[in-house]
Amino acid sequence: MQPKVYIVILNYKNPDYTIKCLESVYDLNYDNYCAVVVDNASADDSVARIRAWQKRSGKAPVLLTTDENRGYSGGNNVGIRYALAQDDCEYVWILNNDTEVDADSLREMVAKEQATGAGGVGCVVCYYDEREKVQLVGNTADFDNFVLHGVGTNSAAKAMKAGLPIDTLSGPSFIMSKKLIEDVGILDESYFLYCEELELAARAKEKGYHFTYAEKSFIYHKESASARKKSTSYRDYHVIRSWRIFIGRWHPEKVESFETLYYKQLKKKLKHFHVKRAYAIYNGIKNGRRNC
């Protein structure tokens, strides 16, 4: 019998994407799964529209709601906790709502995890509008420039090789075994946006896990629909805050170079009268320090 997989899909003010994602999930060539939609306090008509779709389609994903926007980690954790509370949970699939999935995607990821014991397995994330082109299969971390570099970017999807080294799973889609979650914990809610996958990978590595991806598992990503709606200063704040938390915890020897880099950027923003972005950088560093 196929292992039971709980598919956690986080919605924030984008029911159209969530419904399209669900429609692709219900076409999976995999029988033993439960879709779990978490609405992250959207404060719009998201819940009503998803419920209307349930009624029209006859599909019955679990629909959970939060009392406040808990960010990527906190919102997904609502779904993860629900899954772990079920006696039959063997895997959790974290799936962005701005994706649509290939029919064999879940089957391939589960098969890869069972073959490798990796605990966490990603897939081949392709561009939604260029489905033969790879966006990434995971990331490598650059701790000199404090960025993640996508692995496999712009490769031909169907020719994607197995076993390229990755430091982190790719945020749009990955599965975790129940054993991994029990060993390393759920997503760290100190991170509201960004770097969650870095934190997860660091904790997993401490426990002896080495993440990988399933080269024959494909999803199609519309590229951070929620983040695109936010201002540049909002993104600046959360990127810098999250990186500062991570560096402070896992690479304290890099803190000075991290802060030096971003204070230089802050001064450049002020020089060009980009006050909001300068303020975002300052607060990102300050609040990151408090949470590491």
Side-chain angles (χ1 to χ4, degrees), residues 1-67 69-70 72 74-111 113 121-126 128-129 131 171-178 181 214 216-226 229:
M1 185 177 177
Q2 293 173 320
K4 182 66 171 280
V5 181
Y6 283 80
I7 306 171
V8 178
I9 301 168
L10 188 62
N11 178 76
Y12 183 67
K13 295 184 178 181
N14 212 324
D16 291 336
Y17 275 11
T18 298
I19 288 167
K20 285 290 187 183
C21 180
L22 283 166
E23 288 173 344
S24 71
V25 162
Y26 281 103
D27 283 335
L28 284 166
N29 292 330
Y30 197 95
D31 298 323
N32 200 16
Y33 68 86
C34 173
V36 181
V37 176
V38 180
D39 183 74
N40 210 6
S42 292
D44 62 4
D45 62 350
S46 285
V47 171
R49 289 176 63 183
I50 293 167
R51 284 179 175 153
W53 175 81
Q54 288 175 307
K55 187 174 181 179
R56 290 195 311 271
S57 66
K59 306 299 184 185
V62 174
L63 180 55
L64 307 174
T65 59
T66 65
D67 54 356
N69 182 354
R70 300 185 182 186
Y72 177 89
N76 277 304
N77 279 344
V78 171
I80 294 171
R81 290 188 184 100
Y82 174 86
L84 295 177
Q86 313 310 307
D87 292 338
D88 58 354
C89 176
E90 295 178 73
Y91 289 95
V92 175
W93 184 6
I94 302 297
L95 181 64
N96 276 19
N97 71 332
D98 59 351
T99 64
E100 294 178 23
V101 303
D102 180 78
D104 293 326
S105 54
L106 179 55
R107 185 176 65 187
E108 293 290 341
M109 283 192 290
V110 170
E113 201 290 320
V121 173
C123 63
V124 181
V125 180
C126 301
Y128 183 80
D129 294 324
R131 295 192 171 204
S173 168
F174 59 91
I175 65 168
M176 299 182 287
S177 68
K178 182 179 181 181
I181 300 170
K216 295 181 181 178
S217 173
F218 303 98
I219 68 143
Y220 308 102
H221 186 214
K222 298 167 187 173
E223 294 194 82
S224 196
S226 295
K229 295 181 179 180

Quick check: do Arg70 and Val78 have side-chain heavy atoms less than 4.5 Å from each other?
yes

Give a yes or no on whether Asp87 atom CG has more than 12 heavy-atom contacts from other residues, nucleotides or ligands under 6.0 Å away.
no

Out of curiosity, Leu95 CG to Ile7 CD1, how far, rounded to the nearest 0.5 Å?
7.0 Å

Rounded to the nearest 0.5 Å, what's the gap from CD1 on Ile50 to OG1 on Thr65? Could you check?
10.5 Å

Working to the nearest 0.5 angstrom, can you tell me the gap between Ser46 OG and Tyr17 OH?
13.5 Å

Could you give the distance from CG (Leu64) to CG (Asn11), rounded to the nearest 0.5 Å?
12.0 Å

Can you confirm whether Val101 sits close enough to Leu106 that some side-chain heavy atom of one is under 4.5 Å from a side-chain heavy atom of the other?
no

Could you go through Val38 and Asn76, starting from their C-alpha distance and side-chain angles, then the distance that decides it, and tell me whether this counts as side chain to side chain contact (heavy atoms under 4.5 Å, CB included)?
CA-CA 7 Å; Val38 180; Asn76 277 304; over 6 Å; no

Any side-chain hydrogen bond (donor to acceptor under 3.5 Å, both in side chains) pairs touching residues 22-32, not counting sequence neighbours?
Glu23-Trp53, Asn29-Asp104

Close side-chain approach of Asp16 and Arg49, heavy atoms under 4.5 Å
yes

Any idea which heavy atoms bring Ile219 and Pro172 closest together, and the distance?
CD1-CB, 4.2 Å

Any Glu113 side-chain heavy atom under 4.5 Å of Ile175 side chain
yes

Would you check, one step at a time, whether the test side chain to side chain contact (heavy atoms under 4.5 Å, CB included) holds for Val92 with Val36?
CA-CA 10 Å; Val92 175; Val36 181; over 6 Å; no

Backbone N/O of Ala41 and side chain of Asn69: donor-acceptor pair under 3.5 Å:
no

Rounded to the nearest 0.5 Å, what's the gap from CD1 on Ile80 to NZ on Lys178? Could you check?
13.5 Å

Quick one, Val124 and Asp102 - any side-chain contact, counting heavy atoms below 4.5 Å?
no

Among Asp39, Asn97, Asn96, exactly one meets side chain to side chain donor-acceptor pair (under 3.5 Å) together with Thr18. Which residue is that?
Asn97

Check the side chains of Gln86 and Tyr6 for a donor-acceptor pair under 3.5 angstrom, ignoring hydrogens and angles.
no

Please name the pair of heavy atoms, one in Tyr33 and one in Ala35, separated by the smallest distance, quoted to 0.1 Å.
CD1-N, 4.1 Å

In terms of heavy-atom contacts, Phe218 and Cys126 come closest through CD2-SG, 4.0 Å

Hey, does Ser173 have a side-chain heavy atom less than 4.5 Å from the side chain of Trp93?
yes

All salt bridge (charged side-chain N to carboxylate O under 4.0 Å, His left out) counterparts of Lys4, not counting sequence neighbours:
Asp88

Between CG of Asp44 and NZ of Lys13, what distance do you get to the nearest 0.5 Å?
6.5 Å

Which residues satisfy the side chain to side chain contact (heavy atoms under 4.5 Å, CB included) test with Ala214, sequence neighbours excluded?
Glu108, Met109, Lys112, Val121, Ser217

Would you say that Leu28 contacts Ser105 through its side chain, given a criterion of any heavy-atom pair below 4.5 Å between the two side chains?
yes

If I compare all heavy atoms of Gln2 with all of Glu90, which pair ends up nearest, and what's the gap?
O-OE2, 4.5 Å

